[in-house]
Engineer: 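Encoded as structure tokens, here's the structure I'll be asking about.
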Amino acid sequence: MPDHVHILTASPHKAGRLPSTTRAAKDPRTGRTGLEDVRGYGISLHHWQSDVTSTRGFGVTSLVQTVMDCVVRLELPESVAIVDAALGSRRKEGEGLTRIDVEQAAAGLASAAKRRRVLEVLELADEASESVGDSRSRALIHILGLPAPVLQHSFYDHEGFIARTDFFGPNTASGVIAAET
């Protein structure tokens with residue numbers, strides 16, 4: 001869960017972070033509000049030009065703009081999960097993105113470091129990823145320097161289907177590594 005909601009503002013003077021919006025009156029006896037364990041969202045206001053579209057009556061950034069904004073700001077596992085979802089079949093609403101869409105959007109970024117970051121994440125992205133857990137795990141596998149696994153691999157014997165794994169790949173010690181769902 002994000003710790004802040006990100007909002008674009010037309011005024012550069014309104015940009016910045018605001019504290020959590022969850023507040024309640026304190027009990028004079030205990031000094032507690034009852035909301036100490038409830039997570040509230042802070043707000044981050046940003047001032048930059050953006051590709052805005054309308055969804056359900058709200059002005060929101062386009063899918064490609066949102067992906068670019070997230071990938072250049074989030075850690076690698078979260079970034080890979082976002083790109084996997086935007087490219088892959090698990091996207092339920094609206095149209096997804098193609099690799100060419102992401103490459104073209106990256107080419108339009110002003111910063112060379114941001115362009116490299118988006119292309120690094122795009123290289124790790126895999127449309128076959130079926131969950132955020134698959135995506136984050138693959139990114140961590142990459143960070144650890146292990147070989148990239150084959151996703152959603154099915155196993156068969158002479159009688160037919162045996163199982164399907166989230167990850168499958170060679171392992172020099174035992175011949176196979178597999179993680180079954």
Side-chain angles (χ1 to χ4, degrees), residues 1-23 39-152 166-167 169:
M1 294 299 274
D3 60 353
H4 277 72
V5 174
H6 296 269
I7 300 173
L8 298 180
T9 177
S11 170
H13 306 292
K14 303 255 186 208
R17 281 192 165 206
L18 300 174
S20 172
T21 56
T22 303
R23 300 177 193 260
R39 184 181 187 146
Y41 288 108
I43 296 175
S44 287
L45 298 171
H46 306 281
H47 173 68
W48 67 72
Q49 293 299 316
S50 184
D51 179 16
V52 177
T53 186
S54 180
T55 300
R56 298 181 186 159
F58 292 98
V60 296
T61 55
S62 67
L63 179 58
V64 71
Q65 177 74 49
T66 302
V67 168
M68 292 298 108
D69 291 343
C70 291
V71 167
V72 301
R73 287 174 178 80
L74 296 174
E75 297 295 325
L76 188 65
E78 290 80 12
S79 296
V80 170
I82 287 168
V83 175
D84 280 356
L87 295 176
S89 60
R90 70 180 192 227
R91 188 156 167 74
K92 293 183 175 47
E93 285 187 31
E95 294 183 25
L97 299 177
T98 65
R99 288 181 176 274
I100 292 170
D101 294 333
V102 177
E103 288 171 353
Q104 288 174 343
L109 294 171
S111 163
K114 289 180 180 180
R115 287 191 299 272
R116 283 191 305 272
R117 169 61 174 199
V118 171
L119 295 177
E120 173 194 17
V121 171
L122 185 59
E123 188 175 319
L124 291 173
D126 192 325
E127 293 87 337
S129 179
E130 291 183 345
S131 72
V132 172
D134 286 0
S135 301
R136 290 175 52 89
S137 295
R138 275 190 4 271
L140 293 171
I141 288 168
H142 171 77
I143 290 168
L144 292 170
L146 299 170
V150 174
L151 297 182
Q152 320 313 334
D166 286 341
F167 302 123

Engineer: As a quick check of understanding, evaluate side-chain hydrogen bond (donor to acceptor under 3.5 Å, both in side chains) for Thr66 and Asp69, giving each step before the final call.
Structural biologist: CA-CA 5 Å; Thr66 302; Asp69 291 343; 5.6 Å; no

Engineer: Of the non-hydrogen atoms in Glu103 and Leu122, which two are nearest, and what is the gap between them?
Structural biologist: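 It is CG-CD2, 3.5 Å.
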
Engineer: What pairs with Arg116 under side-chain hydrogen bond (donor to acceptor under 3.5 Å, both in side chains), at least two apart in sequence or on another chain?
Structural biologist: none

Engineer: Under a 3.5 Å cutoff, is there a donor and acceptor pairing between the side chains of Asp134 and Ser137?
Structural biologist: no

Engineer: If you take all heavy atoms of Ala81 and Ser135, which pair is closest and at what distance?
Structural biologist: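 Closest approach of Ala81 to Ser135: CA-CB, 3.4 Å.
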
Engineer: Heavy atoms, side chains only, cut-off 4.5 Å: are Val102 and Met68 in contact?
Structural biologist: yes

Engineer: Report the C-alpha separation of Arg99 and Glu127 in whole Å, then their side-chain angles, then the decisive distance to 0.1 Å, and conclude whether the side-chain contact (heavy atoms from CB on, under 4.5 Å) test is met.
Structural biologist: CA-CA 10 Å; Arg99 288 181 176 274; Glu127 293 87 337; 3.1 Å; yes

Engineer: Taking it one step at a time, do Leu76 and Leu124 satisfy side-chain contact (heavy atoms from CB on, under 4.5 Å)?
Structural biologist: CA-CA 10 Å; Leu76 188 65; Leu124 291 173; 3.9 Å; yes

Engineer: Could you list the residues that satisfy side-chain hydrogen bond (donor to acceptor under 3.5 Å, both in side chains) with Arg136, not counting sequence neighbours?
Structural biologist: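 For Arg136, the residues satisfying side-chain hydrogen bond (donor to acceptor under 3.5 Å, both in side chains) (neighbours in sequence not counted) are Glu78.
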
Engineer: Are any non-hydrogen side-chain atoms of Arg138 and Asp84 less than 4.5 angstrom apart?
Structural biologist: yes

Engineer: Quick one: are Val121 and Arg117 in side-chain contact, heavy atoms under 4.5 Å?
Structural biologist: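 A side-chain contact under 4.5 Å exists here.
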
Engineer: When rounded to the nearest 0.5 angstrom, what is the spacing between CD1 in Ile82 and CG in Leu97?
Structural biologist: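 Interatomic distance, Ile82 CD1 to Leu97 CG, rounded to 0.5 Å: 12.0 Å.
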
Engineer: List the atom pairs, donor and acceptor, that lie under 3.5 Å between side-chain atoms in residues 139-151 and the rest of the protein, sequence neighbours left out.
Structural biologist:
none

